[in-house]
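Below is one structure, written out as structure tokens; the observations come after it.
Each chain gets a letter, A, B and so on, in the order its sequence line appears, and its residues count up from 1.
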There are 2 protein chains.
Amino acid sequence: MPPMSEREPKPGRPPRAVDVAAAAEVSTATVSRVFNNPEKVAPAIRERVLAAAKAMGWMPHAAGSALARRRSSIVGAVIPTLDNEVFAAQVGAMQAAFAERGITLLLSCFNYNQDQAVHDVQAMLARGVEALAIVGEAHRPELFASIQARHIPYVVTYSHRPGSPHACVGFDNRQAFHTIARHLLDLGHETIGVIIQPTAGNDRVAARLDGVRAALAERGLGVRPQHLREGEWSIDFGRQSVRAILATDPVPTAVICGNDYLAVGALLEARAMGLSVPRDLSITGFDDIAISRQLDPPLTTMHVDNHEIGRRAADYLLACLEGERPAAMPPLVPTLIRRGTAAAPDLPARPA
Amino acid sequence: MPPMSEREPKPGRPPRAVDVAAAAEVSTATVSRVFNNPEKVAPAIRERVLAAAKAMGWMPHAAGSALARRRSSIVGAVIPTLDNEVFAAQVGAMQAAFAERGITLLLSCFNYNQDQAVHDVQAMLARGVEALAIVGEAHRPELFASIQARHIPYVVTYSHRPGSPHACVGFDNRQAFHTIARHLLDLGHETIGVIIQPTAGNDRVAARLDGVRAALAERGLGVRPQHLREGEWSIDFGRQSVRAILATDPVPTAVICGNDYLAVGALLEARAMGLSVPRDLSITGFDDIAISRQLDPPLTTMHVDNHEIGRRAADYLLACLEGERPAAMPPLVPTLIRRGTAAAPDLPARPA
DNA sequence: TTGTACGCGTTATCAC
DNA sequence: GTGATAACGCGTACAA
């Protein structure tokens, strides 16, 4: 048993590589190698160093490491809010994927505020993030400019606009809502209301509304002003909006909602008003959040795999960090989930 | 207009303080001061430095800064998962509170895996987090040991066990479920089922079950084995559990659920089975998640303000970082929300 | 295989 | 009010 020096130079302060080196009677270079290129050091010495490190609870300090290595091993995620399960799922999946590769995730929520988003990104760049994932592409130009100035890889998630200059992992919002509108049209609806999030400063939402309008236009139809309700995506706004829309003339036979939260509100309120869904009113959502399939009737919506989006975004960024130049990724396609809230108008749900 | 040197020493590489200093014709010390103690530098020079910095897009690099300052300005949050809106809310609130003070949040989800939690905490310590917030206190001893070895402040959230050695911001889970059980007992229920998350390795859940048992014991009652269902907190598990419990003998007149997800499942399934809630079966939840108040009937549950928990946890840690030694915080008290799913047994909801 | 010595980018101390 | 310079903790050529 070698005389392992037990001296701890500055008690009460976290140990440093020199301390471990002294304890193990090697140089700091060897300590560093043990942790970064273990195969390059003799097994006996390696054990000694490992033992010393464990004994004093040492682990390489990230700041020093980042400086020397010129790599922070940190990536940032910039999302609107964690209060929407859609973004929470994306972040969760990204975090898991990065953790596997020893990369930690910095999180920031900009609350749908573009200035906040710019600020958040800058703060992350200052923190030396090696890559960035950002929800949506409707951001101030300086946001992307400052990222590009740093030459670090980034992805836009939850959106995949054809022709976008950014790498993106998501789906075509316009196409998705075109699909859903077409579904209702094919069922025979001609008077369709829309309850949707604020379109201002939100590319994804604007694209959705655009998709609906395009689908209607193809049949010579349109969304009447009194049938369009724009507001925060909340169950409550969904509730008050159906109520408002059902009070207009002509009364729509179907309502397309910008996301499932709005649709859940619409469905619950319609039922509370004594309407039968889908006989009296068809309702569609988007995202397929957890509650949607549970309701009665279960919500017709489009399913988006947000864990998959998060994982893909992480994989893309990881590949970039490995020095690869990954090809542009094909868009995901949300799938229409025909459940119980959309049917042909003016007909009983199904004949007995 | 002074001859501002436009040379950018190493093109393609992020600028450093020396570059800014050269451009502004000052020393790096002054550059640093401009960004950290602006009042200590002459206005004219300050402007010059600011202009130069903005021109070349410089901002202090966090790793170097952390090293010199011996402060990382990073804190970590360790939670089970973002898929539960309860934890997502806590994280969101913490992130916002920290951001105001220029502190960034590192996130880690351990998925109810204790080994993962230990690993995550160690990784965060290596990253030099200055403080840590951790959900729950049922963790391996080495988790807390390694934090304490670093002498950094930490809080346990979402739990407040009397006598806990940790600073905690949360509520007394045992007390809360005692309250809810008592509520049902006072309504006249004597046969009560329980649908709850796995108690193994989860202090919060174990305390909840304990609270229920204690309340029943005070009336000489108990939870029959066939009336206790333990499993993942999901709407689906809630559904299958009521179904199973209702098939037992004697049939409970009420079911206490470990959280709202389970309760939502129980409620929806009971209704799907043709039961009238609360006439045929009373159901209670816990957490008061967003959907709970929206259902029909709205769920009787206990409200926990998770944004508040997150904010308080952040404030506590912030105070510690300021060098204060904040007093132990009183527990939050979840409030019983009497809505529509709990009533006296064997009676119509209310006489007309 | 191991050790020496320097650089990473910033801040703090101390002269001036 | 401002500048030189020494930390801060680690990784890594390069030399041995």
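- Between B:Tyr154 and B:Tyr316 the shortest side-chain heavy-atom distance does not fall below 4.5 Å.
- The residue B:Val26 sits close only to the backbone: its heavy atoms come under 4.0 Å of sugar-phosphate atoms, none of a base.
- Of the N and O atoms on the side chains of A:Ser72 and A:Arg127, not one donor lies less than 3.5 Å from an acceptor on the other residue.
- Using a 4.0 Å cut-off between a side-chain N of Lys or Arg and a carboxylate O of Asp or Glu, A:Glu47 and A:Lys54 do not qualify as a salt bridge.
- In this structure, CZ in B:Arg204 is found 10.0 Å from CD in B:Glu137, a value given to the nearest 0.5 Å.
- If you measure from atom NE2 of A:His61 to atom P of C:dG9, you get 17 Å, rounded to the nearest angstrom.
- Both B:Arg33 and B:Ala63 sit near DNA chain C, but only B:Ala63 has its closest nucleotide nearer the 5' end.
- Taking the side chain of B:Ala29 as heavy atoms from C-beta on, and the options C:dA12, C:dT11, C:dG9, the nearest nucleotide is C:dA12.
- Checked against the 6.0 Å centroid threshold, B:His119 and B:Phe110 do not count as a close aromatic pair.
- Residue contacts for A:Ala17: at a heavy-atom cut-off of 4.0 Å it reaches the sugar-phosphate backbone alone, with no base atom in range.
- Here the shortest heavy-atom pairing between B:Ala17 and B:Val31 reads O-CG2, 4.1 Å.
- For B:Ala313 against B:Thr157, the heavy-atom pair with the smallest separation is CB-CG2, 3.8 Å.
- Listed by residue number, the members of residues 35-42 of chain B with any heavy atom below 4.0 angstrom from DNA chain C are B:Asn36.
- The footprint of chain B on DNA chain D, defined by a heavy-atom cutoff below 4.0 Å, extends from D:dG1 to D:dG9.
- When the nearest nucleotides of DNA chain D are assigned to B:Ile45 and B:Arg69 by heavy-atom distance, the more 5′-ward of the two goes with B:Ile45.
- Closest to the side chain of A:Thr30, from the set C:dT10, C:dC8, C:dG3, is C:dG3.
- Using a 4.0 Å cut-off between a side-chain N of Lys or Arg and a carboxylate O of Asp or Glu, B:Glu130 and B:Arg70 do not qualify as a salt bridge.
- Proximity of A:Gln90 to A:Ile79: side-chain heavy atoms (C-beta onward) are nowhere separated by under 4.5 Å.
- Across all strands shown, A:Ser65 has heavy atoms under 4.0 Å from sugar-phosphate atoms exclusively, and none from any base.
- Stem regions annotated for DNA chain C: C:1-16 with D:1-16, counting only runs of 3 or more consecutive pairs of Watson-Crick or G-U type with both contacts under 3.5 Å.
- Taking CG from A:Leu332 and CD from A:Glu308, the interatomic distance works out to 6.0 Å, rounded to the nearest 0.5 Å.
- Relative orientation of the B:Phe87 and B:Tyr158 rings is perpendicular, given thresholds of 30° and 60° on the angle between their planes.
- In this entry the distance linking CZ of A:Arg48 with P of C:dT1 reads 15 Å, nearest Å.
- Rounded to an integer number of Å, the gap from A:Arg71 CZ to C:dG9 P is 15 Å.
- The separation between B:Arg70 atom CZ and C:dA12 atom P is 9 Å, rounded to whole Å.
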